[in-house]
Amino acid sequence: MLYAILCYHMEDVVGAWSPAHDEAVMARLAAVRDDLAGQGRLSLSARLLPTTTAVTLRKDREPPLLVDGPFAETKEQLLGFYLVDCTDLAEAAAVARELAAANPGGCYEIRPVATSWKSNAVHGARP
């Protein structure tokens, strides 16, 4: 089963890190990523650019409207994600704990990934 592990943090905090601190955090995260890849469990991971580079397509009107930036009212922003093959939610939570140890602060949302666009079923059980 694939799980998306979504990485949230306060963008202004992460943006204020020194280049050396950012490089150290990314190196620790790379160690976790490389371990998962070596086990054949990592499908994809990506660090997202700042929300100032994002646009949102509002489709509640015709024609749809493209506007600058995300519009979620949150203190933390989605900064990246991992797509990991795990046997169950408990195993996915263990991976998220490894990521959290490498990058303290923020939070990690863990969500099962539907294997079919037709499926609305939620897979996995809470640990």
Side-chain angles (χ1 to χ4, degrees):
M1 158 110 337
L2 288 177
Y3 286 86
I5 301 176
L6 308 173
C7 311
Y8 291 88
H9 207 308
M10 293 172 58
E11 197 171 66
D12 58 341
V13 170
V14 173
W17 289 349
S18 70
H21 182 76
D22 186 73
E23 190 173 308
V25 169
M26 294 310 293
R28 290 191 304 268
L29 289 171
V32 176
R33 184 192 66 230
D34 293 347
D35 184 48
L36 291 167
Q39 297 172 31
R41 296 174 53 207
L42 181 67
S43 294
L44 178 67
S45 69
R47 184 177 189 181
L48 301 176
L49 292 176
T51 56
T52 55
T53 66
V55 295
T56 299
L57 181 71
R58 304 292 302 177
K59 59 184 187 128
D60 57 349
R61 60 189 60 115
E62 281 298 327
L65 177 65
L66 193 64
V67 293
D68 290 339
F71 280 92
E73 293 293 329
T74 63
K75 293 183 181 184
E76 297 174 328
Q77 291 75 38
L78 177 62
L79 300 183
F81 64 90
Y82 295 80
L83 192 56
V84 182
D85 188 10
C86 297
T87 57
D88 56 24
L89 186 56
E91 189 175 300
V95 171
R97 284 185 191 94
E98 287 183 57
L99 293 166
N103 182 15
C107 68
Y108 292 86
E109 178 182 347
I110 305 162
R111 294 177 64 174
V113 176
T115 56
S116 167
W117 285 102
K118 296 178 184 178
S119 173
N120 289 328
V122 175
H123 304 286
R126 294 197 179 272

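What you see is a predicted model, and the numbers here were worked out from it, not measured in a lab.
Closest of all the heavy-atom pairs between L57 and P64 is CD1-CB, 3.7 Å. Shortest non-hydrogen contact noted between Y3 and D88 is OH-C, 3.2 Å. When all heavy atoms of V95 and C86 are compared, the pair lying nearest together is CG2-SG, 4.2 Å. Nearest approach of A102 to V32, heavy atoms of both residues: CB-CG2, 4.3 Å.
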Given V25 and W17, is the side-chain contact (heavy atoms from CB on, under 4.5 Å) satisfied, shown in steps?
-> CA-CA 10 Å; V25 169; W17 289 349; 3.9 Å; yes
side-chain contact (heavy atoms from CB on, under 4.5 Å) assessment of E76 paired with M10 = CA-CA 4 Å; E76 297 174 328; M10 293 172 58; 3.8 Å; yes
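For R47, the side-chain hydrogen bond (donor to acceptor under 3.5 Å, both in side chains) test picks out D22, with sequence neighbours left out. For E91, the salt bridge (charged side-chain N to carboxylate O under 4.0 Å, His left out) partners are R41, not counting sequence neighbours.
Exactly one of V67, L66, L65 qualifies for a side-chain contact (heavy atoms from CB on, under 4.5 Å) with T56. That residue is V67. Applying the side-chain contact (heavy atoms from CB on, under 4.5 Å) test between Y82 and each of I110, L44, L29 identifies L29 as the sole match.
You'll find the side chain of L99 reaches within 4.5 Å of the side chain of Y108, heavy atoms only. At a threshold of 4.5 Å between non-hydrogen side-chain atoms, the residues L48 and L79 do not count as touching. Residues C7 and N103 fail the side-chain proximity criterion, which asks for heavy atoms closer than 4.5 Å.
Using a distance-only test at 3.5 Å, with no hydrogens or angles considered, a donor-acceptor pair links the side chain of D85 to the main chain of M1. Side chain of Q77 to backbone of T51: no donor-acceptor contact under 3.5 angstrom is found.
Within 6.0 Å of the CD atom in E23, the count of heavy atoms belonging to other residues, nucleotides or ligands does not exceed 12.
Rounding to the nearest 0.5 angstrom, the gap separating the CG atom in L78 from the CG atom in L6 is 5.5 Å.
Sequence neighbours left out, not one pair with a member in residues 27-36 passes salt bridge (Lys or Arg N to Asp or Glu O under 4.0 Å).
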